[in-house]
Amino acid sequence: MKKAVLFLFIILGLSCSNKDKEKSNSTKNSTYKQSEMAALMLEMYALNLENKALILEGKKPKEFPSEFLKIHSATLTDPSDRNAAFEGFSEIYIKSYEEMLLSSTDSMKGMHNKTINSCIACHKTTCIGPIPKIKKLLISTN
Ligand code: HEC
């Protein structure tokens with residue numbers, strides 16, 4: 001059963017990244033550019049990885065990174081991904097990040113995981129390929 005789920009993840013994950021590759025092939029004559037959203041996502045990934053390290057050292061992450069707000073305007077590889085659900089998940093992500101910054105050092109791990117789970121919630125509806133990578137940002141709580 002677990003294997004079947006993993007297999008599904010791999011297949012669907014490939015189809016998500018293939019979408020980008022098809023695009024790059026069909027635009028052979030113009031240089032393929034990474035979308036603004038993909039670039040922002042990689043920044044968000046890097047910052048949350050830093051946060052994980054800080055929290056594990058018992059430190060607090062820095063203030064709210066204002067570039068995260070670009071999630072409301074950055075252009076997507078597939079513009080049709082920006083629908084009401086996407087906007088809703090963006091709000092939940094921003095809110096949980098803000099709550100995490102305000103939380104006490106004791107509840108920081110749980111709040112960080114809540115933030116990461118909000119990344120995953122959106123990815124389940126849009127681009128499931130990076131989910132295994134995003135899961136690595138979770139902090140084990142046992
Ligand atoms: C509101 C929905 C949403 C949220 C929240 C979200 N993502 Fe994404 N993510 C996307 C979409 C859609 C793409 C595809 C972007 C594109 O290709 O234009 C993406 C792409 C990515 C990628 C692949 C980038 C690449 O190399 O092309 C990574 C990694 C990623 N997200 C990580 C994260 C992390 C980490 C978080 C939380 C900190 C997060 N995402 C939150 C929707 C979301």
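Each ligand, and each atom within it, is numbered from 1 in the order the structure gives.
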Residues Cys122, Tyr93; criterion side chain to side chain contact (heavy atoms under 4.5 Å, CB included); working and verdict: CA-CA 9 Å; Cys122 183; Tyr93 168 66; over 6 Å; no

Could you tell me whether a side-chain N or O of [X] sits under 3.5 Å from a main-chain N or O of [Y], the two making a donor and an acceptor?
X	Y	result
Asn113	Leu138	no
Arg82	His72	yes
Ser107	Ser103	no

Residue part near ligand 1, for [X], under 4.0 Å between non-hydrogen atoms:
X	value
Tyr93	side chain
Ile134	side chain
Pro130	side chain
Leu76	both

Short list, please: which atoms of ligand 1 are under 4.0 Å from a heavy atom of [X]?
X	result
Ser35	16 (C), 17 (O), 18 (O)
Met37	15 (C), 18 (O)
Cys122	1 (C), 2 (C), 3 (C), 4 (C), 5 (C), 42 (C), 43 (C)
Leu137	35 (C)
Thr126	12 (C), 42 (C)

Show the numbers, then the answer: is there a side chain to side chain contact (heavy atoms under 4.5 Å, CB included) between Asn48 and His112? CA-CA 8 Å; Asn48 279 289; His112 170 82; 4.2 Å; yes

Residues Asp106 and Ser104: side-chain donor-acceptor under 3.5 angstrom: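 Asp106 vs Ser104: no donor-acceptor pair found between side chains.
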
Do Tyr97 and Asn51 get their side chains close enough for a donor-acceptor pair, meaning under 3.5 Å?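 Yes, Asn51 and Tyr97 have a side-chain donor paired with an acceptor closer than 3.5 Å.
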
Regarding atom 26 (O) of ligand 1: of the candidates Ile120, Asp81, Leu40, Leu42, which has the closest heavy atom?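 Residue with the shortest heavy-atom distance to the ligand atom: Leu42.
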
Compare Cys127, Cys119, Ala39, Ala38 and give the one whose heavy atom is closest to atom 37 (C) of ligand 1.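 Closest candidate by heavy-atom distance is Cys119.
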
Test your reading of the structure: does Lys133 have an N or O sitting under 3.5 Å from an N or O of ligand 1?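 No; every N/O pair is 3.5 Å or more apart.
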
Any non-hydrogen side-chain atom of Lys124 less than 4.5 Å from a side-chain atom of Ile131?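 Contact flag for Lys124/Ile131 side chains = yes.
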
Could you please compute the angle at atom 8 (Fe) of ligand 1 from NE2 of His123 to SD of Met41, rounded to 10°?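 The two atoms form an angle at the metal of about 170°.
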
More than 12 non-hydrogen atoms from neighbouring residues, nucleotides or ligands closer than 6.0 Å to NZ on Lys59, yes or no?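 Counting other residues, nucleotides and ligands, NZ of Lys59 stays at 12 neighbours or fewer.
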
